[in-house]
Amino acid sequence: MNLLALSDRLKLLFTSLNRHHVFTVSSGAVGAQVLSLLFMPVLSRLYSIEAFGYFAIYLAGSNLIGTFSTLRFEIVIPLAETDQDALRLSTLSCVNALLIGLIFALFFAFPQTRSWVPSMFQDYLPWFLMILSAVFIGWSQTFTQRLLRNGNIKMMAVRVMADRLSFIGFALLAGFWGHFDFGLMWAQSIGVVVGAITLFVGAWWCPQFNGLIFVWRKFSVLQRSSLASMFLQLTGQQGTTLLYSVLFPVQSLGFYNLAQRLAEAPVNLVSSALGTAYYRRLLAADPPSLLRIYRRTMLWSLLIFVFPGIAVASLAHWLIPILFGQKWEASVGYFLVLLPLAVIRLIFMLQQGIVLRLQRLDLDMKFSFFVLLSQIIGILLGLSYNQTLIAALAGVSVVGSVTYVICLRIIYRLARAQRDQGLINPL
């Protein structure tokens, strides 16, 4: 199956989702994000700054390994022409996640390997929890795609709520019991497992082990394209955190973790609430109207995110210590540095749907590469000025923001070209 045929099936899939489906998925994701934000002041007082630093390393490692553990074969499950192929792809994705998890579990079993990340616990337990979480993240991705294929969208919303409620509940219990170092990691691992089980119940299926090589070869075209693009994007997001854990003390990572969660809260909320609905709107639109959608999105982004972001930044110096405790006062600087990049990345994520709508995978790949390159350049520039994490983040924020603006300009020109072409050759 070629890329064009898969792209057409993807368009048919998303346009088949009605507004009820979109609202169901969005409401669950938004509810989970709101719960996390509401309980963050409690967890920030219950756990130490160092515990949040360890948690940041754990999250970066589990998300990075977990996302790639399936080798991205799960994305083709909703697009498979037959249920037999979908079953084989589901089995292949789960087997890949398990095997890669076992490889990393063996890899980190050696103390010499764990010493590469000096800011993390050198005991094997947190590393084992990281790999366990990564495997279940890979399985959750597979089960999610099966739900998308089967139309049981409600379980996707149930899953995110079950995940967050489990995390919050076990994080509070672990904190009260005195497990201040591993508590957040244990809670996150349990939450991921509960979420995966919830998805599996909704996407109930029997593994199909025969013909795995056949579906590997049949669907490898789109899988390879998605794997490369996702590698560039996640390396820029999660890989930099792992790099920071090698260069800076764990306390700095703790301040960074809290500030990043606050700065990217709008990104998480919008990507959860509007991502599916907005992309569905783009798929239903004709190419000449994409410029109008682009301009309206920029206007609403300015009103909803930029102006409120400026207001929050002006109040951050007294708001963060009051909400999260005086010990987190140093995270204000991290928050102010990260906020501009978070806002511009949010706008880019919305407008990036135009590139996907026009099937310009080559352009999307270039964007991912330039964003990753901007992260590296920003870190080097920041460290050349000052050997601190906040200086490195400032460099990343400045260079990354400029890069996203350039990418937005390219998307604008692409949408305008579609408008002009439609005027010359009306449909």
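Just so you know, these numbers use all the heavy atoms, side chains as well, and skip hydrogens, waters and symmetry mates. Residue indices begin at 1 and follow the sequence shown. For clarity, every value in this text was computed on a predicted model and none was experimentally measured.
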Give a yes or no on whether the ring-centroid distance for Trp216 and Phe73 is below 6.0 angstrom. yes
Under a 3.5 Å distance rule, please check whether [X] uses its side chain to pair with a backbone N or O of [Y] as donor and acceptor.
X: Trp328; Y: Ser44; result: yes
X: Arg159; Y: Thr198; result: no
X: Arg413; Y: Leu408; result: no
X: Gln141; Y: Arg72; result: no
X: Gln188; Y: Trp186; result: no

Does Arg164 make a cation-pi contact with Phe167, if we ask for NZ or CZ under 6.0 Å from the ring centre and within 45° of the axis? yes
Do the ring planes of [X] and [Y] sit parallel (below 30°), tilted (30 to 60°) or perpendicular (above 60°)?
X: Phe348; Y: Phe367; result: perpendicular
X: Phe121; Y: Tyr54; result: tilted
X: Trp139; Y: Phe136; result: perpendicular

Count the heavy atoms of every other residue, nucleotide or ligand shown that sit under 6.0 Å from [atom1] of [X], and state whether that count exceeds 12.
X: Phe39; atom1: CZ; result: no
X: Phe104; atom1: CZ; result: no
X: Tyr412; atom1: OH; result: yes

Apply salt bridge (charged side-chain N to carboxylate O under 4.0 Å, His left out) to Asp364 and list each qualifying residue two or more places apart in sequence or on a separate chain. none
For Tyr256, which of Phe335, Tyr334, Tyr244, Phe248 qualifies under ring pair (Phe, Tyr, Trp, His ring centres under 6.0 Å)? Tyr244
If the threshold is 4.0 Å, N to carboxylate O, is there a salt bridge linking Glu264 and Arg345? yes
Is Glu81 salt-bridged to Lys218, going by a charged N under 4.0 Å from an acidic O? yes
Gap separating the CD1 atom of Ile77 from the OG atom of Ser90, nearest 0.5 angstrom: 3.5 Å
Considering only residues two or more places apart or on different chains, which pairs with a residue in residues 99-121 satisfy side chain to side chain donor-acceptor pair (under 3.5 Å)? none
